[in-house]
Amino acid sequence: MTISIHQYLCLTDNYGALVHDSTTGATACVDVPEAGPTLAALSEQGWNLTDILITHHHADHIQGVPEVRAKFPNAKIWGPAKDAARIPFLDHQVKEGDMARVGSLAAKVIETPGHTLGHIAYHFEDDAVAFCGDTLFSLGCGRVFETPLAVMWSSLAKLAALPGETQIYCGHEYTQANGRFAITVEPGNPVLKARIEEIARLRTERRPTLPTNIAAELAANPFLRVEEPAIQAAVGMGGAQPAAVFGELRTRKDRF
Ligand SMILES: [Zn+2]
């Protein structure tokens with residue numbers, strides 16, 4: 001393993017992450033919610049920025065890019081081809097199945113439309129790590145702004161199919177609030193109850209609840225469990241298609 005990951009808080013509840021390849025010294029940041037904490041994290045780690053991986057166009061994911069790039073003018077910026085018009089500074093426009101490279105590390109691009117049309121995730125397959133931006137959160141998922149709800153379900157299903165041990169990094173620390181909704185949907189799930197207790201402990205100590213992993217989310221995240229009879233029953237949709245149950249859950253969460 002030559003990958004090292006450093007996660008740090010930006011703004012109020014955004015996470016930035018640095019991905020470092022110890023073989024070549026290459027370092028990427030995944031999204032740049034804020035330049036100051038990103039530059040500070042690089043300096044603390046003693047890492048030299050070579051790449052920036054963008055998940056989607058929202059300001060709280062890209063607004064720090066110009067300032068960071070001014071300090072590291074050779075850094076290459078990767079991002080979704082489908083949103084190149086809204087992310088004007090891309091050096092590498094990538095789409096489904098393309099590889100983003102950080103030194104000797106390689107991330108397969110997974111298109112995950114829903115939260116935004118062009119949203120992508122980066123899957124470092126050999127290292128069992130994925131950066132999911134605002135598509136999958138621990139115990140929740142992103143709001144669906146730019147596609148029908150069923151499209152977001154397809155995107156989440158792609159992430160849910162990654163190997164269970166895959167470490168999942170997310171764009172925001174929303175886990176505790178997500179847990180408050182999740183427990184109303186599946187109050188009898190012991191894994192969910194244990195996770196909510198763990199989250200409360202972590203947050204009391206002001207520690208992050210992320211990364212999570214796919215196996216943990218499959219066991220507790222209601223948005224990945226829409227095929228469970230208990231969840232279908234909770235929304236009065238026994239036997240319904242997963243995309244339809246997902247749509248109902250997401251709509252209820254929006255109003256929660
Ligand atoms: Zn967003």
Side-chain angles (χ1 to χ4, degrees), residues 5 7 9 13-15 17 110 112 114-115 121 123-125 127-144 149-150 152-256:
I5 298 169
Q7 175 180 259
L9 198 64
D13 55 27
N14 282 76
Y15 282 121
I110 304 173
T112 53
H115 179 67
H123 180 209
F124 290 83
E125 212 166 359
D127 305 287
V129 175
F131 293 87
C132 298
D134 289 358
T135 297
L136 175 62
F137 294 124
S138 186
L139 304 185
C141 69
R143 278 182 184 263
V144 183
L149 290 163
M152 180 67 157
W153 164 246
S154 302
S155 295
L156 286 169
K158 284 158 90 173
L159 298 176
L162 297 178
E165 72 274 16
T166 309
Q167 296 281 302
I168 299 297
Y169 285 82
C170 311
H172 292 269
E173 180 59 65
Y174 286 164
T175 314
Q176 195 157 36
N178 288 339
R180 285 194 276 273
F181 174 74
I183 199 68
T184 68
V185 178
E186 205 179 14
N189 181 341
V191 179
L192 175 58
K193 285 190 213 170
R195 173 74 167 140
I196 287 173
E197 286 172 18
E198 180 197 22
I199 292 160
R201 263 197 315 276
L202 289 168
R203 297 311 291 159
T204 300
E205 297 165 12
R206 296 182 173 274
R207 289 164 60 194
T209 64
L210 298 164
T212 179
N213 66 50
I214 289 294
E217 294 310 309
L218 286 173
N221 185 332
F223 293 97
L224 301 188
R225 294 171 57 77
V226 293
E227 288 167 88
E228 287 292 316
I231 289 191
Q232 297 187 351
V235 294
M237 296 178 72
Q241 290 297 313
V245 180
F246 168 78
E248 175 63 21
L249 272 188
R250 186 59 256 183
T251 304
R252 287 183 184 210
K253 175 70 161 55
D254 288 346
R255 295 192 298 247
F256 183 69

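Quantities reported herein were computed from a predicted structural model and do not represent experimental measurements. Any value given below was found using the heavy atoms of this structure, including those in side chains, with hydrogens, waters and symmetry copies removed.
- Taking both residues in full, the closest heavy atoms of Glu186 and Ala230 are given as OE2-CB, 4.5 Å, listed atom of the first, atom of the second, then distance.
- To the nearest 0.5 Å, the span separating CG on Leu210 from CD on Gln7 amounts to 6.0 Å.
- For the pair Ile5/Phe131, a side-chain contact is recorded, criterion being any heavy-atom separation below 4.5 Å from C-beta on.
- Judged purely by distance below 3.5 Å, without hydrogens or angles, the side chains of Arg252 and Thr184 never pair a donor atom with an acceptor atom.
- Summarising the geometry of Ser155 relative to Thr135, their closest heavy-atom pair is CB-CG2, 4.4 Å, with the distance given to 0.1 Å.
- Taking all atoms of both residues into account, the shortest heavy-atom contact from Leu149 to Phe246 is O-CE2, 3.5 Å.
- Proximity of Leu139 to Ile199: side-chain heavy atoms (C-beta onward) are separated by under 4.5 Å at one or more points.
- When side chains are defined from C-beta on, Met152 does not count as touching Arg250, because their heavy atoms never get closer than 4.5 Å.
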Can you list the steps and then say if Arg201 with Glu205 is a salt bridge (Lys or Arg N to Asp or Glu O under 4.0 Å)?
CA-CA 6 Å; Arg201 263 197 315 276; Glu205 297 165 12; 5.9 Å; no
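- Within the model, atoms OG1 of Thr209 and OH of Tyr15 stand 5.5 Å from one another, a figure rounded to the nearest 0.5 Å.
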Please test Arg225 against Asn189 for side-chain contact (heavy atoms from CB on, under 4.5 Å), starting from the C-alpha separation and ending with a verdict.
CA-CA 11 Å; Arg225 294 171 57 77; Asn189 181 341; 3.5 Å; yes
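- In this structure, Leu249 and Ile231 have side chains that are in contact, with non-hydrogen atoms separated by less than 4.5 Å.
- Other residues, nucleotides and ligands contribute more than 12 heavy atoms inside 6.0 Å of the CD atom of Glu198.
- Here the CG atom belonging to Asn221 is positioned 11.0 Å from the CG atom belonging to Leu159, to the nearest 0.5 angstrom.
- Taking both residues in full, the closest heavy atoms of Cys132 and Ala121 are given as CA-CB, 4.1 Å, listed atom of the first, atom of the second, then distance.
- Between Glu227 and Val245, every side-chain heavy-atom pair lies at or beyond the 4.5 Å cut-off.
- Between Phe137 and His172, the ring planes are perpendicular. Angles over 60° get that label, and only those under 30° would be called parallel.
- To the nearest 0.5 Å, the span separating CG on Leu136 from OG1 on Thr112 amounts to 9.5 Å.
- Annotation: side chain of Val226 is not in contact with side chain of Glu248 (no heavy-atom distance under 4.5 Å).
- Contact record, Ala220 with Val191: CB-CG1, 4.2 Å, taken as the closest heavy-atom pair.
- Contact annotation: the side chain of Ile168 never approaches that of Glu217 to less than 4.5 Å [non-hydrogen atoms, C-beta and beyond].
- In this structure, the separation between CZ on Arg143 and CG on Asp134 is 11.5 Å, given to the nearest 0.5 Å.
- The line from CG of Leu192 to CZ of Arg195 is 10.0 Å long, rounded to the nearest 0.5 Å.
- Arg203 is not listed as a side-chain neighbour of Thr175, based on a closest heavy-atom distance of 4.5 Å or more.
- Between the side chain of Glu173 and the main chain of Asp13, no donor-acceptor pair closer than 3.5 Å is present.
- Looking at every heavy atom in both residues, Gly140 comes nearest to Phe223 through CA-CD1, 3.7 Å.
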